[in-house]
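These notes are about the structure you will find just below.
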Amino acid sequence: MEVTETWYLVLSAMLFSLGAFGLLTRRNPLVMFMSVELMLNAVNISFVAFSTALNDLAGQTAVFFVLVVAASEVVVGLGIVVALMRRRPTATADDFAELKG
Amino acid sequence: MREPGHPFLSDGVNFGDVLLSLVMVVIAFVLCLVATMLMVWFERKVVGRLQNRLGPNVAGPFGLLQTLADGMKLFFKEDIIPTKADRFVFQLAPYLALVPAFLTFTLIPLAGDFSEGGSASSTIAGREFFWQVADVPVGILFLLAMSSLGIYGILLAGWSSGSKYPLLGSVRASAQAISYEAALGLSLAAVILVSGTLSTQDIVAVQAGEGFGGIIPNWNVIVTGFVPFVVFLVAGTAELNRPPFDLVEAEQELVGGFHTEYSSIRFALFFLAEFMNTVTMGAIIVTLFFGGPSGPNPGGTFVGPLVGFGWFFAKLLVFLFIFVWFRATLPRVRYDQLMDLGWKVLIPISLAWLLILGAIRIARDGNIGVANDVVGDAAFVLVVGMVILGLGYWMVRTAVVNARAERMEAAGLTEVAVLPDSRTEQEIS
Amino acid sequence: MTVTEDAPSNAQQGQLKHLPRLDAVLRMSEVRAAELADGEPIAGENDQTMIINMGPAHPSTHGVLRLMLELDGEIVRRSKPIVGYLHTGMEKTGEALTFLQGPTNVTRMDYAAPLFNELVFSMAVEELLQVEVPERATWIRMLMCELNRISSHLLFMATNGMDLGAVSMMIYGWREREQVLRFFEMVTGLRMNHNYIRPGGVAADLPDGWRDEVLALMDMLPPRLAEYDTLMTGQPLWRNRLQGVGVLSPEEANALSITGPILRSTGVEWDLRKDMPYLAYDQVDFSVVVGTYGDCFDRYAIRLEEIRESINIVNQIVELMPRGDYRIQDAKVTPPPRARIDESMEALIHHFKIFTEGFKVPEGEVYVAVESPRGELGCYLVSDGGSKPFRMHIRGPSFVNLQSLPHMMADSLLADTVAIISSADPILGEVDR
Amino acid sequence: MVDVVVFLISAAIVLGGGLGVILFANPVHNALSLIATLFGVAVLFIIQGAQFLALVQVVVYAGAIVVLFLFVIMLLGVDQAEDLQTEPLVGQRALAGVGAGLIFLLVLGGLFLSGPTDGPGNTAISGQQAAVTPIDDSPDVEQLARDLFTRNILAFEATALLLTIATIGAVVLVRNRGGEDLAVDNPGSAAN
């Protein structure tokens, strides 16, 4: 038996679905964030798998960019969460219906 | 599929390889534990002498077995888990602290003959190997990764205790780790830049080369121009949570910080991890900046590696002493001062220094083809780099100032003129 | 003490306002800052603050002081010292002991400066008795008290260093203090709680060779203090930790009856040795050290400097020490010398009476104050004509100075509270008495 | 054989961590599960020869991002367990489950219907042969660096700018507590 990139892709799909499910069902903004990270990681897995399978470095480069973007996303996202949670510490995502700060 | 990088994964393993790896891991682990034990003794002894005390002197010759005695005592004490603790995380945390400490140690080239004509590797039973557990091609990154993982033990220990002082310690720990990770990484980047490799083995090999005028060694501390070393030493001390940056456990403020609620063997594990980290950090500094086991070496199958280890150990001892010296001398910095030092001093300095090193490097390679001469190229890179750096600084600075002004205005306040602080000139005497 | 969480009194309300941490405000007093920030809202109810208990069993609360802190992150919004964990009822006990036994009792209050307790009690008794102690006794008292001031301030150096994380400093401070205590042991027989200064003089004359011992001490100390300067005063980390931390204004300090180094750190030149001279302080030459900013660094520097001043005073005392009796020759107040007891029946009777029922003190009340290392140490004594005090009350400087903690701590960082407690240098034995 | 075992173990860790993220009630446990997933992913990277990415993954994700998550959780004290028994909206979970399942099936369908992808330079996926940067035997750091600083230099600069902007944004968002407290004092301000 040999590990082909199909295995990676199936795994990636499963992880992506998990992340999507979490994002849709959880109410804590932080946990929703973590679900997004899951989805990003799922994509990373498939990027590297494709990169290896196609012998193309572009996939790995893409992962690099995903990491950078994820970092900036988390910085800003957590900033917003902190700003919101300071106002209402027990709030869930449902409570933040308005955009006014 | 492409051939994976490691022989273990390409089914090319045989029993000998596994055995060799296992033996190396065991030896390294034992060595690390013994070194840690001796470090605890060394610190207590040196601090004792610095404070007009004798230090441990009862258990064993010169009190050498004091650590062992303390360990045994802790081992047989009752293991208390607070009622409000998150049991699973509480029990997991000490191991999370200990494992990265040891894993980092596997990267350190401990011995070997790095002198000219010598061979850094040794051969036993037809198998060639380096005197380190793993020569990871991206060793420095591994090092960074482990140092950032070490924080989890502290973070989760404090949180899971379900108590207020440990929680405060945890919050401090996470902020400290994130802040100093950046400075640490940037000073490492300087080393990578001059060495041109990420492997610790190769970094030592590069430093073993011909120095300046045949007398001054080719150590990175000199090649990188001292600044990255200082930054690394400071940031490393902060990563270790050792005085003067031991805010995480700050006895006087947070009682015991993250390990307030820990007792028995779990406390011993934290203690062990802390000192193991100290030894490891000393070893990393020696490896990255002071040429590790390289040095004048008569060579030979057995003598060569041994002398290499001797050099390594001697250099390590110097830094362990420096860490102990810090502890005995300096008052603890305050939380906000710690952040200021990290973000406003260390990171800008290492960024600028990296830029200068890069410019020098480019000038030496001499092929960016802007000015068609070495100095011109370097100047071009420097100017462009400084402009970008300045721009970035200006943007962040403006954001900070504006944000503050806005909030102040919203709060109906005006900036107060800064009072002159003439204390520095006006000594009280 | 000054602040209750539900209903802050009007006087303090203005000072408790939350201020943004501006660099300039850092070095300002609460009053000053409150004026600048007039009209700014107090932190609201939704604020996420955490109440934590610091003490009574905390490594840096100097014994059993307990502080309730309201923390916003690491910033202390409000604080409330709670005392009473070391209450021993010494003032009440004093009413059951004769005037001669009194010093044994009071010496245990401020255990870092026991001689001052004995001194103030003895001076109060002498005031009631209307007796004049011999000159040599006065000078011996001065010598011992100044040495005690040195040892007490050395203890401060030690604990202050430790509280800020300079652990070696603790050992160094104790090391020097130990030398002073060794001299005390030589003179009084005990390292602490000497019961040496008694109504009517001191318990015993200075032993042979005291002069050399004292001079050796005075030679030993200045270089050591210079070491402290290297280790702490000139140290950037040390300065950063103390400068601008725990600022108190002179007005606040006066309003809160703060005395001692804390008051002097705000720039108020008030030292009972100069302003209301007792013993023979008007005959020695020394200066009162004052600060400028009223912050922790000033308090540290003042104490360091006061050690130097005390060394100066002690050197003068060694020069000027007169000959003569070390206690008054009044058989009704002081017991006869041991040798006389073997010869004279009367001496034996006096000795017996003084140590069993004590001497009678005329009816009256008196308040005497001395400058202890922590500030004004006062003793209020009422006598009903018997051999025991009718009422004894001690004005303990540590107790009064503790009031300043909430003012100095407001809006400081958690690490600063430790520095502030340390700089107030409270001795809980005196706080709770 | 070894790689199959390694793959299966790390896949189990990845999925177990993923499940943990969406199922645990306590945010700290969620974050811990996320770390497990990240490590599994890093191991998957290593067995595919992308060592540099694996370690960057650990440094950036586990070392910084999750620490930030935990920092925020602890700082704000929002570590109370979320009530997972009641559904916020009726049928939300079922709908989300169906949605996630659909995504999974879609990807899977696309995967198996598009034919074999094995082999270098398969045009079915890579499209244009010319765009491929082939992987050679030199260390992957070097290759990645060459790719980043030549072909993708603009994108690289853009991400640098993005990071700076993100930093500034975060600074503006949370800087200075004074204003923050002001916002707390006027809860009604959001309504007007």
Side-chain angles (χ1 to χ4, degrees), chain A residues 1 3-7 9-11 13-22 24-28 30-31 34-35 37-38 41 44-45 48-49 52-58 60-61 63-65 67-72 74-76 78-83 85-87 89 94 98 100-101, chain D residues 3-4 7 11 14-15 18-19 21-22 27 30 34 37 41 44-45 48 50 53 56 60 65 68-69 72-73 76 78 82 88 92-93 96-97 99-100 103-104 107-108 111 117-118 120-122 126 132-135 143-144 147-148 152 155 159 162-163 166 169-170 173-174 180 183-184 190:
Chain A
M1 214 162 35
V3 182
T4 62
E5 88 279 6
T6 314
W7 296 37
L9 296 179
V10 172
L11 176 68
M14 287 162 91
L15 192 61
F16 190 86
S17 316
L18 274 182
F21 183 77
L24 290 172
T25 52
R26 294 301 294 259
R27 284 177 297 162
N28 186 331
L30 285 165
V31 181
M34 291 180 205
S35 302
E37 299 303 322
L38 283 187
N41 268 285
N44 282 356
I45 294 176
V48 174
T52 315
L54 302 174
N55 199 23
D56 183 350
L57 201 67
Q60 294 197 19
T61 317
V63 172
F64 184 85
F65 286 125
L67 284 174
V68 178
V69 172
S72 4
V74 164
V75 167
V76 177
L78 285 183
I80 295 173
V81 170
V82 168
M85 298 286 237
R86 276 244 178 91
R87 274 184 59 203
D94 303 338
E98 80 278 335
K100 269 185 167 179
Chain D
D3 55 347
V4 175
F7 175 82
V14 167
L15 289 178
L19 280 173
V21 171
I22 63 170
N30 295 139
L34 185 58
T37 301
V41 173
L44 289 178
F45 285 179
Q48 294 182 81
L53 281 184
V56 168
V60 173
I65 293 182
L68 262 182
F69 270 121
V72 169
I73 292 170
L76 298 176
V78 289
E82 189 179 333
Q92 186 188 10
R93 298 243 166 94
I103 294 175
F104 179 61
V107 175
L108 221 58
L111 186 62
T117 54
D118 285 342
N122 186 312
S126 65
V132 170
T133 317
I135 298 174
Q143 296 181 47
L144 208 58
D147 196 41
L148 273 181
N152 293 311
T159 48
L162 177 71
L163 269 178
L173 269 172
V174 291
E180 218 62 64
V184 170

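Numbered from 1 within each chain, the chains take letters A, B, ... in sequence-line order.
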Mind running side chain to side chain contact (heavy atoms under 4.5 Å, CB included) on D:Ile22 and A:Leu18 for me, showing each step along the way? CA-CA 7 Å; D:Ile22 63 170; A:Leu18 274 182; 3.6 Å; yes
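Per-residue heavy-atom pair counts under 4.5 Å with chain A were compared for D:Val56, D:Ile103, D:Asn152, and the maximum is reached by D:Asn152. Listed options D:Leu148, D:Leu19, D:Leu68, D:Val14 were ranked by heavy-atom pairs under 4.5 angstrom with chain A; first place goes to D:Leu148. Counting heavy-atom pairs closer than 4.5 Å to chain D, the top-ranked of the candidates A:Leu38, A:Val75, A:Val63, A:Val76 is A:Leu38.
Across A:Leu15 and D:Gly18, no two heavy atoms sit closer than the pair CD1-CA, 4.3 Å. When all heavy atoms of D:Ala11 and A:Leu11 are compared, the closest pair comes out as CB-CD1, 3.8 Å. D:Ala166 and A:Ser72 make their closest contact through CB-CB, 3.5 Å (heavy atoms, listed as atom of the first residue, atom of the second, distance).
Listed by chain and residue number, nothing satisfies the side-chain hydrogen bond (donor to acceptor under 3.5 Å, both in side chains) test with D:Thr159 (two or more places apart in sequence, or in another chain).
The line from CG of A:Leu67 to CG of D:Leu53 is 7.0 Å long, rounded to the nearest 0.5 Å. Atom CD of A:Gln60 is separated from atom CZ of D:Phe45 by 8.5 Å, given to the nearest 0.5 angstrom. To the nearest 0.5 Å, atoms CD (A:Glu37) and CD1 (D:Ile65) are separated by 5.0 Å.
Using a 4.5 Å heavy-atom cutoff, the side chains of A:Leu30 and D:Val72 are in contact.
Within the 4.5 angstrom heavy-atom criterion, only side-chain atoms of D:Phe7, from C-beta onward, approach chain A. Interface remark: A:Phe64 contributes backbone and side-chain atoms alike to the contact with chain D (heavy atom separation under 4.5 Å).
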